[in-house]
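Below: the structure, in structure tokens.
Atoms within each ligand, like the ligands themselves, are counted from 1 in listed order.
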Amino acid sequence: MTIFVDMDDVLADTYGKHIELYNKEHQQDLHINQITSGEIWHNVPEIHKKSIKDHALQPGFFRNLKPFKDAIQVMEALYNKHEVYIATAATQFPNSLLEKSEWLDEHMPFITWQHRIMCGDKFILNGDLLIDDRTYNLEKFEGDTLLYNSPHNVNDTGYTRVSNWLEIAERLL
Ligand SMILES: [Mg+2]
């Protein structure tokens with residue numbers, strides 16, 4: 001199988017980083033358990049929204065995201081069994097391209113550069129499966145899809161969902 005795997009909110013935890021920065025910037029005590037739906041900026045007061053939206057422009061934001069639990073081990077096993085490619089939007093925030101590449105070098109060095117697709121739109125990808133947290137990426141993909149659970153997609157219906165990397169292992173290994 002040819003499998004495409006998204007990075008943000010599938011391999012790498014952007015909510016955790018947003019909360020860490022937000023708590024520091026505004027002396028708050030927001031916790032991930034309080035975010036049950038929506039984008040992170042939907043969960044803060046109006047006057048703080050812009051600062052959250054600016055996080056992705058900060059140098060180091062994408063470089064310092066934490067990998068989700070079990071993501072590294074399961075990705076390595078998947079990589080050995082299937083044709084696995086990273087498929088990540090990296091042109092929306094241009095500084096993210098180098099940072100995502102460095103993040104992969106650190107956390108998933110087994111993924112060679114030939115298997116890293118740093119892209120814009122994903123519907124041009126041609127393969128068997130796309131794992132992503134954004135339905136706008138999944139809806140136009142011609143192969144199978146897995147929707148990775150995230151607060152911003154809790155109300156989206158019609159997709160097969162996974163909520164952690166052990167579930168992905170059970171399905172694909
Ligand atoms: Mg994503």
Side-chain angles (χ1 to χ4, degrees), residues 2-22 32 35-43 49 52-58 60-72 74-75 78-79 82 84-108 111 115-169 171-172:
T2 299
I3 301 172
F4 301 109
V5 182
D6 176 40
M7 287 180 75
D8 297 331
D9 300 322
V10 171
L11 293 174
D13 177 15
T14 72
Y15 279 76
K17 179 57 72 181
H18 277 300
I19 290 170
E20 180 193 317
L21 293 172
Y22 173 74
I32 187 67
I35 315 285
T36 55
S37 71
E39 307 290 346
I40 187 83
W41 53 86
H42 294 144
N43 289 273
K49 280 190 172 132
I52 296 232
K53 288 182 177 176
D54 286 345
H55 286 166
L57 302 172
Q58 289 183 15
F61 179 80
F62 293 95
R63 179 65 186 86
N64 297 312
L65 301 178
K66 289 204 175 78
F68 279 127
K69 189 171 181 304
D70 304 314
I72 295 171
V74 174
M75 273 294 278
L78 277 184
Y79 198 80
H82 300 284
V84 174
Y85 292 84
I86 296 294
T88 184
T91 47
Q92 183 179 7
F93 304 107
N95 60 310
S96 74
L97 197 149
L98 178 61
E99 293 187 9
K100 287 179 171 188
S101 192
E102 290 174 348
W103 190 95
L104 289 167
D105 289 342
E106 179 186 348
H107 297 289
M108 301 184 183
I111 301 176
H115 285 245
R116 301 178 184 187
I117 302 172
M118 307 275 178
C119 62
D121 282 333
K122 298 184 188 180
F123 67 85
I124 57 161
L125 299 172
N126 181 15
D128 300 300
L129 176 67
L130 173 60
I131 305 172
D132 206 292
D133 60 297
R134 296 285 176 181
T135 54
Y136 60 71
N137 288 322
L138 300 182
E139 69 192 2
K140 294 182 195 160
F141 184 73
E142 292 193 348
D144 289 334
T145 62
L146 285 176
L147 179 62
Y148 200 97
N149 278 342
S150 188
H152 62 75
N153 67 32
V154 290
N155 295 317
D156 294 322
T157 56
Y159 293 91
T160 305
R161 288 175 174 274
V162 286
S163 56
N164 59 59
W165 275 89
L166 294 182
E167 283 181 31
I168 293 174
R171 285 174 177 275
L172 301 173

So, of the N/O/S atoms that [X] has, which is the nearest one to the Mg ion (ligand 1)?
X: D8; result: O
X: D6; result: OD2
X: D133; result: OD1

Judged by atom type as modelled, is there a donor-acceptor pair below 3.5 Å linking the side chain of [X] to the main-chain atoms of [Y]?
X: D132; Y: D6; answer: no
X: D128; Y: I3; answer: no
X: D13; Y: L65; answer: no

D9 near the Mg ion (ligand 1): N/O/S under 2.8 Å: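 Here the distance criterion (N, O or S atom, under 2.8 Å) is not met by D9, so no.
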Polar side chain donor-acceptor pair, S96 to Q92, under 3.5 angstrom: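 Judged by distance alone, the side chains do not pair up.
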